Enquirer: 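Input: one structure, supplied below.
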Number of protein chains: 2
Amino acid sequence: MATGSGQDSPTINDVARRADVSVATVSRALRGLPNVAPSTRARVVEAAATLEYVIDPTASRLAGGRSHTVGLVVPMLGQWFHSQIFTGVEGVVGAAGYDVLPFTMSGPGGVARFIDSPPFRKRVDGLVVADAPLGNEQFEVVMAAGVTTVTLGVLVDGVAGLAVDNTAAARLAVGHLTGLGHTRIALIGGVDDDPFRFSVPVDRFRGYQEALKAAELTYDPELAVPGNFSLDGGAEAMHRLLALSDPPTAVFACSDEMAIGAMQVARDAGVRVPEEMSIIGIDDHDVSEYVGLTTIRQDVVGQGERAATLLLEQLGPDAPAPTHEIHPIRLVVRRTTGAPAPHTGKRG
Amino acid sequence: MATGSGQDSPTINDVARRADVSVATVSRALRGLPNVAPSTRARVVEAAATLEYVIDPTASRLAGGRSHTVGLVVPMLGQWFHSQIFTGVEGVVGAAGYDVLPFTMSGPGGVARFIDSPPFRKRVDGLVVADAPLGNEQFEVVMAAGVTTVTLGVLVDGVAGLAVDNTAAARLAVGHLTGLGHTRIALIGGVDDDPFRFSVPVDRFRGYQEALKAAELTYDPELAVPGNFSLDGGAEAMHRLLALSDPPTAVFACSDEMAIGAMQVARDAGVRVPEEMSIIGIDDHDVSEYVGLTTIRQDVVGQGERAATLLLEQLGPDAPAPTHEIHPIRLVVRRTTGAPAPHTGKRG
DNA sequence: CCTCGGCATGCAAGCGCTTGCAGTCGAGGC
DNA sequence: GCCTCGACTGCAAGCGCTTGCATGCCGAGG
């Protein structure tokens with residue numbers, strides 16, 4: 001009667017009977033535990049194979065206390081960045097025999113709901129928290145659930161994690177722009193009403209300011225607009241920038257998606273890129289190469305893989321002390337940045 | 001000692017004791033089953049709340065026989081199309097209290113491994129198989145695992161599913177091109193060595209041919225090249241097309257990603273789009289709007305939601321007979337298609 | 001006043017594994 | 001020849017829930 005289940009599949013009992021041993025021995029033999037005679041193990045393995053026995057992960061977990069599942073917390077898997085992380089994580093933990101269960105923070109309630117009742121409770125051995133817009137206090141709550149955690153994109157005290165140096169990335173991007181001679185450089189950044197002080201946009205904003213200072217330019221608040229890390233957000237931001245009485249000649253967008261959104265708006269408005277408007281992003285999105293976007297490259301899949309590896313280590317028998325890693329970034333110059341127009345003024 | 005688990009969290013026993021009822025009553029009360037006195041239920045709910053009791057899904061599943069998890073089978077979650085499907089599926093089944101466990105077919109072994117030992121065995125109540133490059137025979141194997149299934153993108157006899165009419169979509173796209181006056185129209189399609197006769201590229205190829213025939217054009221095999229459904233694949237395909245002695249004036253790519261890859265190669269080669277080369281895709285990828293790509297739009301997230309809804313129905317108490325649904329498509333004309341270059345003096 | 005049908009609740013048997021502990025058996029040591 | 005020790009294996013007690021069945025209670029009908 002069980003919905004979704006065909007004929008009864010064999011249990012460990014069936015295997016035990018067929019191999020003429022106890023279920024305990026089957027359990028040990030199949031999991032490669034020591035103290036099983038080689039001949040016995042072979043017999044068990046063969047019995048399992050002929051019966052097409054598949055261990056029931058549910059029962060295994062209940063009895064063993066471990067779920068062999070790692071959770072992946074991301075804002076929303078539908079975004080390129082996060083789906084790449086998933087790819088990296090799943091590749092590594094999958095090879096280690098773990099399932100990966102994604103938890104998104106979209107939908108009604110979003111982050112708040114996530115904090116109130118962490119959905120991963122009782123279902124994962126460990127967690128990769130990627131790019132999560134959580135402040136330290138929110139993190140405390142998550143950690144209180146007592147799940148081994150690795151962060152990606154954000155570093156939290158006492159929790160293993162890896163990230164790029166967002167301040168440096170922003171400095172690199174804006175430095176590229178100032179190096180080309182730009183003096184009016186806009187920032188398209190994160191949400192400005194973020195209640196959790198999510199550090200990624202904050203750090204990039206700081207890097208932006210530092211680079212301006214290094215070039216002896218003054219920071220004009222009018223040029224810093226939110227972009228929500230989406231194509232539409234980038235587009236809207238560019239609309240605002242173009243409406244300024246004295247528009248920028250260059251834009252640093254805190255993600256490639258925002259950069260692409262912004263770029264199209266500029267072109268639609270008749271502003272040539274890069275002749276009249278330089279644009280640089282961060283990420284090196286798959287399509288960036290194909291739209292010629294200059295960007296700060298980071299290896300997203302690689303970061304996912306590394307996070308997974310760190311988590312597996314933490315989950316292992318002799319877990320190393322949690323460490324923080326900074327992953328490299330690189331400026332990739334393509335076709336959306338160039339020197340500012342010789343004479344600042346009206347565009348044609 | 002348990003890795004990844006903090007202080008012992010309360011069990012159903014603790015709640016029972018606190019509410020002064022049996023665990024059976026707690027179980028029934030918390031799940032909203034009938035035959036529980038309102039006052040009792042209230043007491044139980046309160047006890048659970050004060051204890052911050054969270055049901056252990058593992059135990060629940062073992063005892064109840066249902067995992068409250070649905071699997072999502074996709075080729076690889078890192079691709080836009082599939083991550084959108086995830087978004088749709090997760091939204092719906094998540095609201096229904098299910099977890100979503102993604103299974104990808106990438107990595108070593110890929111599809112074959114997937115068929116040999118379906119990784120979702122014993123872990124899901126139902127399955128959404130999206131866009132899977134499986135032939136009917138492969139599907140038999142998957143179905144043999146006895147899991148309630150809904151397909152997305154491909155229709156299989158006897159299995160509930162939904163898809164767009166791929167032949168019609170291709171006809172619409174190519175018809176748009178012939179309508180503009182193109183006579184040499186290329187196809188950038190799926191992999192050509194697909195061992196499973198994955199129907200999506202096959203159907204689109206048929207639509208391509210039908211549209212050519214409708215316009216009284218002859219099919220030139222030279223103009224049909226594989227593109228692997230990726231940016232790079234599209235780029236490579238365009239390289240091949242441009243190398244032809246008599247290149248096409250228009251290209252129909254079987255996905256927006258391939259179209260974007262192709263478009264950039266054309267532009268890099270100095271071929272103006274759309275003046276000298278029209279390009280149309282399928283999907284309406286997020287960035288398509290921003291690169292001005294003409295395409296055949298389909299609502300991917302909506303399809304994911306619908307597939308999830310169908311699956312939930314199938315999983316429910318009075319499951320309807322499996323049906324097939326065809327979802328709508330729509331031509332979205334943007335800036336990458338136009339009339340062919342005026343060999344015979346049509347337009348400047 | 002006694003009985004019967006329903007509703008509310010409790011009992012206890014599992015669900016399929018894992019694992020601490022006990023037992024078996026053969027070989028080596030005294 | 002008996003005891004000890006070690007390598008294997010089995011026993012059985014759970015892991016935290018769900019659920020069929022039994023029980024107790026109450027009002028209504030006979």
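Predicted model, so just to flag it, every value in this text is computed and none were measured. Quick note on labels: first sequence line is chain A, next is B, and so on, each numbered from 1. Note: hydrogens, waters and symmetry copies are ignored here, and every other heavy atom, side chains too, is used.
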Enquirer: If the cut-off is 4.0 Å, is Thr25(A) near the phosphate of dG10(D), judged by side-chain N/O to OP1 or OP2?
Expert: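 Answer yes for this pair, as a side-chain N or O of Thr25(A) is under 4.0 Å from OP1 or OP2.
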Enquirer: Using a strict threshold of under 4.0 Å (side-chain N to carboxylate O), is an ion pair present between Asp116(B) and Arg113(B)?
Expert: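 Not counted as a salt bridge, because no side-chain N and carboxylate O are separated by less than 4.0 Å.
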Enquirer: Arg31(A) has a side chain; which of dT18(C), dC17(C), dG14(C) sits nearest to it?
Expert: dT18(C)
Enquirer: Given dT9(D), is OP1 or OP2 found less than 4.0 Å from the side-chain N or O atoms of Ser22(A)?
Expert: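 So the side chain of Ser22(A) is outside the cut-off, no N or O lying under 4.0 Å from OP1 or OP2 of dT9(D).
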Enquirer: Atom OH of Tyr53(A) and atom P of dG16(C): how far apart are they, to the nearest Å?
Expert: 10 Å
Enquirer: Please check: side-chain N/O of Asp125(A) versus main-chain N/O of Val70(A), any donor-acceptor pairing under 3.5 Å?
Expert: no
Enquirer: Does any part of the side chain of Asp131(A), heavy atoms only, come nearer than 4.5 Å to the side chain of Val74(A), both counted from C-beta?
Expert: no
Enquirer: Please give, in whole Å, the distance from dT18(C) P to Leu62(A) CG?
Expert: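 It works out to 11 Å between those atoms.
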Enquirer: How close or far is atom P of dA12(D) from atom CD1 of Ile12(A), stated in whole angstroms?
Expert: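 These atoms are roughly 17 Å apart.
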Enquirer: When we call it a touch if two heavy atoms are under 4.0 Å apart, what does Ala24(A) touch: a base, just sugar-phosphate, or nothing?
Expert: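 Base contact - Ala24(A) has a heavy atom under 4.0 Å of at least one base atom.
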Enquirer: In whole angstroms, how far is the P atom of dC15(C) from the CZ atom of Arg66(B)?
Expert: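 To the nearest whole Å, that distance equals 17 Å.
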Enquirer: What's the CZ-C1' distance between Arg41(A) and dT9(D), to the nearest Å?
Expert: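 My rounded result for the distance is 13 Å.
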Enquirer: Below 4.0 angstrom from OP1 or OP2 of dG16(C), is there any side-chain N or O of Arg61(A)?
Expert: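 For dG16(C), neither OP1 nor OP2 has a side-chain N or O of Arg61(A) closer than 4.0 Å.
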Enquirer: So Asn35(B), base contact, sugar-phosphate only, or nothing? Heavy-atom distance under 4.0 Å.
Expert: base
Enquirer: Starting at the 5' end of DNA chain C and moving along, which residue's nearest nucleotide shows up first, Gly64(B) or Pro38(B)?
Expert: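 Nearest nucleotide further toward 5': that of Pro38(B).
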Enquirer: How many whole angstroms separate atom CG of Asn13(A) from atom P of dC15(C)?
Expert: 9 Å
Enquirer: Looking for any heavy atom pair under 4.0 Å, which part of the strands does Thr58(B) touch: base, sugar-phosphate only, or nothing?
Expert: nothing
Enquirer: Hey, does the side chain of Ser27(B) come within less than 4.0 Å of dC17(D)'s phosphate (OP1/OP2), counting only N and O?
Expert: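 Answer is no, no contact under 4.0 Å.
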Enquirer: Determine whether more than 12 heavy atoms belonging to other residues, nucleotides or ligands lie under 6.0 Å from atom CG of Asn13(A).
Expert: yes
Enquirer: Rounded to whole Å, how long is the line connecting atom CG of Leu30(A) with atom C1' of dT19(C)?
Expert: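 After rounding, the reported distance stands at 16 Å.
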Enquirer: I want to check one thing: is the phosphate of dG16(D), taken as OP1 and OP2, less than 4.0 Å away from some side-chain N or O of Ser60(B)?
Expert: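 Answer is no, no contact under 4.0 Å.
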Enquirer: Would one find a side-chain N or O of Thr40(B) under 4.0 angstrom from OP1 or OP2 of dT9(C)?
Expert: yes
Enquirer: Looking for any heavy atom pair under 4.0 Å, which part of the strands does Arg28(A) touch: base, sugar-phosphate only, or nothing?
Expert: base
Enquirer: Angle between ring planes, Phe120(A) versus Phe103(A), binned at 30° and 60°: parallel, tilted or perpendicular?
Expert: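 Phe120(A) vs Phe103(A) ring planes: perpendicular.
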Enquirer: Measure from CG on Leu51(A) to P on dG16(C) and round the result to the nearest Å.
Expert: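 Rounding to the nearest Å, CG of Leu51(A) and P of dG16(C) are 15 Å apart.
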